[in-house]
Amino acid sequence: MVNKKDINQKTIILVIYYNSKLPGYVMKFILLFLFILGTASIASAQKQINIELKKQLDSILQLDQGIREFGDTETSEKRKDTIAALFNSSKEMLMKSQWKIMKEIDSIHLKKVEAIIAKYGYPGKTLVGEPTNTTVFYVIQHNPGVIPKYYRLIEKAGKSGELPFKYTAMMLDRKLSSEGKEQIYGTQVYGMQILNPQTGKKDFFQYVIPIKDAKNVNKRRKKAGFDTTVEENTKRFGFAYKVYTLDEIKKIIKPSK
């Protein structure tokens, strides 16, 4: 939809361009008017943001991502100190209780965002700005049990531009994977101990959960907004991407049962 204010501004600019010999005081008046109009537009846009809700979601996002960043091998020691302070803990204590804390805050955050959803629907870009609009996605993504309940909400937010579509793609992959189906965008990986028939011992086996139409996955990833290929993304987890089918994975993990 065309904004009438934009049309008015463009019209005034054209008037200035084609009437550059206007008296100085007229030119100054026009330029002042444009400045005031632009300032009013910015102020109007800012009023649409729910500041209190944004603060609440920013706090949730900081803790949700912080506890996970702490366990990332690429996180610097200085950054880990900052994260530990956020949790009123030392690095050593946070390292020992990281998974317990993560589980606890995921549960607490879910209750909070469910109340927010009940009141506002999905709090997207229009309501809370970016990257705050990713908060509810992360909380639901980290509570897989409720993904079937909220996936359509995330899908709608992604298709309407209230949330970057790549997040919808990530949740779809997790939903399909949890249902024992092939994923679409190759975002979900898994690891488990399996029995090595040659040594008789258990080895840690990591793999990208089978992808539907795997040969075209990178085309889909690019269209969805991902800036890495499935091969590049897999390297982040410390292993190389290999194509598997669901049947092949079942045969590989069968000896571990």
Side-chain angles (χ1 to χ4, degrees), residues 64-65 68 71-74 99 102-103 106 110 113-114 117 122 124 131 133-198 202-257:
D64 177 278
Q65 294 297 287
R68 289 170 168 82
D72 193 323
T73 56
E74 295 183 359
W99 295 107
M102 188 183 298
K103 186 176 180 180
D106 284 350
L110 178 60
V113 303
E114 285 190 312
I117 290 171
Y122 190 89
N133 61 332
T134 64
T135 304
V136 168
F137 157 79
Y138 279 118
V139 173
I140 294 174
Q141 185 81 337
H142 296 151
N143 286 276
V146 301
I147 287 178
K149 179 180 179 180
Y150 291 110
Y151 173 71
R152 293 302 175 191
L153 182 74
I154 301 298
E155 181 182 46
K156 182 179 178 181
K159 288 183 176 180
S160 66
E162 289 297 321
L163 177 73
F165 186 78
K166 68 178 182 179
Y167 294 102
T168 297
M170 290 167 64
M171 187 167 287
L172 176 59
D173 273 357
R174 182 157 293 187
K175 177 178 179 294
L176 292 171
S177 298
S178 67
E179 294 169 351
K181 301 175 182 177
E182 295 172 308
Q183 60 177 323
I184 305 298
Y185 299 95
T187 64
Q188 304 299 299
V189 303
Y190 194 70
M192 62 185 300
Q193 294 286 341
I194 65 170
L195 183 67
N196 186 326
Q198 296 179 339
K202 287 190 174 182
D203 295 331
F204 189 63
F205 173 56
Q206 285 181 288
Y207 63 97
V208 174
I209 292 174
I211 303 168
K212 186 175 183 179
D213 185 23
K215 66 180 180 180
N216 291 310
V217 64
N218 287 329
K219 291 180 181 178
R220 294 193 297 274
R221 286 178 65 88
K222 185 175 181 180
K223 186 176 180 180
F226 293 102
D227 56 7
T228 59
T229 63
V230 67
E231 291 83 3
E232 292 167 339
N233 185 60
T234 305
K235 284 183 181 179
R236 292 176 49 244
F237 297 96
F239 67 101
Y241 171 62
K242 184 177 179 180
V243 178
Y244 290 106
T245 66
L246 290 174
D247 286 339
E248 286 173 335
I249 290 297
K250 288 179 181 178
K251 291 178 181 179
I252 291 172
I253 65 177
K254 186 176 180 179
S256 64
K257 294 181 180 181

*Asks:* Looking only at heavy atoms, what is the nearest atom pair of Asn133 and Pro164, with distance?
*Replies:* ND2-CD, 3.8 Å
*Asks:* Would you say the side-chain atoms of Arg174 pair up with the backbone N or O of Gln188, donor to acceptor, closer than 3.5 Å?
*Replies:* no
*Asks:* So, Arg220 and Asp213, do they make that salt bridge, N to O below 4.0 Å?
*Replies:* yes
*Asks:* Got a second to check how far Ile184's CD1 is from Ile211's CD1, nearest 0.5 Å?
*Replies:* 9.5 Å
*Asks:* Do Asp64 and Thr135 have side-chain heavy atoms sitting under 4.5 Å apart?
*Replies:* no
*Asks:* Does a sphere of radius 6.0 Å around OH in Tyr190 hold more than 12 heavy atoms from other residues, nucleotides or ligands, not counting ones at 6.0 Å or beyond?
*Replies:* no
*Asks:* Spell out, as yes or no, whether a donor-acceptor pair under 3.5 Å connects the side chain of Asp173 to the backbone of Tyr185.
*Replies:* yes
*Asks:* Might you point out which heavy atoms bring Phe237 and Gln206 nearest each other, and give the distance in Å?
*Replies:* O-NE2, 3.7 Å
*Asks:* For Met192 and Lys202: C-alpha separation, side-chain torsions, deciding distance, then whether side chain to side chain contact (heavy atoms under 4.5 Å, CB included) applies.
*Replies:* CA-CA 10 Å; Met192 62 185 300; Lys202 287 190 174 182; over 6 Å; no
*Asks:* Go through the steps for Tyr167 and Gln141 under the test side chain to side chain donor-acceptor pair (under 3.5 Å), then give the verdict.
*Replies:* CA-CA 9 Å; Tyr167 294 102; Gln141 185 81 337; over 6 Å; no
*Asks:* For the pair Glu248 and Lys251, find out whether any cationic side-chain nitrogen is under 4.0 Å from an anionic carboxylate oxygen.
*Replies:* no
*Asks:* Has Asn196 got a side-chain atom pairing as donor or acceptor with Gln198's backbone, closer than 3.5 angstrom?
*Replies:* yes
*Asks:* From Leu153 CG over to Leu163 CG, what is the distance, rounded to the nearest 0.5 angstrom?
*Replies:* 9.5 Å
*Asks:* Take the angle between the ring planes of Phe205 and Tyr207 and call it parallel below 30°, perpendicular above 60°, tilted in between.
*Replies:* parallel
*Asks:* Taking all atoms of both residues into account, what is the closest heavy-atom pair of Ala214 and Val243, and its distance?
*Replies:* CB-CG1, 4.2 Å
*Asks:* Flag the pair Ile117 / Tyr150 as yes when at least one side-chain heavy-atom distance between them is below 4.5 Å, and no otherwise.
*Replies:* yes
*Asks:* Answer yes or no: is there a donor N or O on one side and an acceptor on the other, between the side chain of Gln183 and the main chain of Thr187, under 3.5 Å?
*Replies:* yes
*Asks:* Quick check on side chain to side chain donor-acceptor pair (under 3.5 Å): which of Thr234, Asn233, Thr229 does Glu231 satisfy it with?
*Replies:* Thr229
*Asks:* When rounded to the nearest 0.5 angstrom, what distance separates NZ in Lys156 from OG1 in Thr168?
*Replies:* 12.5 Å
*Asks:* Can you confirm whether Lys159 sits close enough to Phe165 that some side-chain heavy atom of one is under 4.5 Å from a side-chain heavy atom of the other?
*Replies:* yes
*Asks:* Determine the minimum heavy-atom distance between Leu246 and Gly180, stating which atoms define it.
*Replies:* CD1-O, 3.8 Å
*Asks:* Nearest 0.5 angstrom please: Thr228 OG1 to Lys166 NZ, how far?
*Replies:* 8.5 Å
*Asks:* Does the side chain of Tyr241 come under 3.5 Å of the side chain of Glu232 through a donor N or O and an acceptor N or O?
*Replies:* no
*Asks:* Taking all non-hydrogen atoms of both residues, which atom of Pro210 and which atom of Ile249 are closest, and how far apart?
*Replies:* CG-CG1, 3.8 Å
*Asks:* Give, for atom NZ of Lys175 and atom CD1 of Ile154, the distance between the pair rounded to the nearest 0.5 Å.
*Replies:* 13.0 Å
*Asks:* Does a side-chain N-to-carboxylate-O contact under 4.0 Å join Arg68 and Asp106?
*Replies:* yes
*Asks:* If I take atom CD1 from residue Ile253 and atom CD from residue Gln193, how far apart are they, to the nearest 0.5 angstrom?
*Replies:* 13.5 Å
*Asks:* Of all the heavy-atom pairs spanning Val208 and Val189, show the shortest one and how long it is.
*Replies:* CG2-CG1, 4.0 Å
*Asks:* For Phe226, is there any backbone N or O sitting under 3.5 Å from a side-chain donor or acceptor partner on Arg221?
*Replies:* no
*Asks:* Please tell me if the side chains of Met171 and Ile147 come closer than 4.5 Å, counting only heavy atoms from C-beta onward.
*Replies:* yes
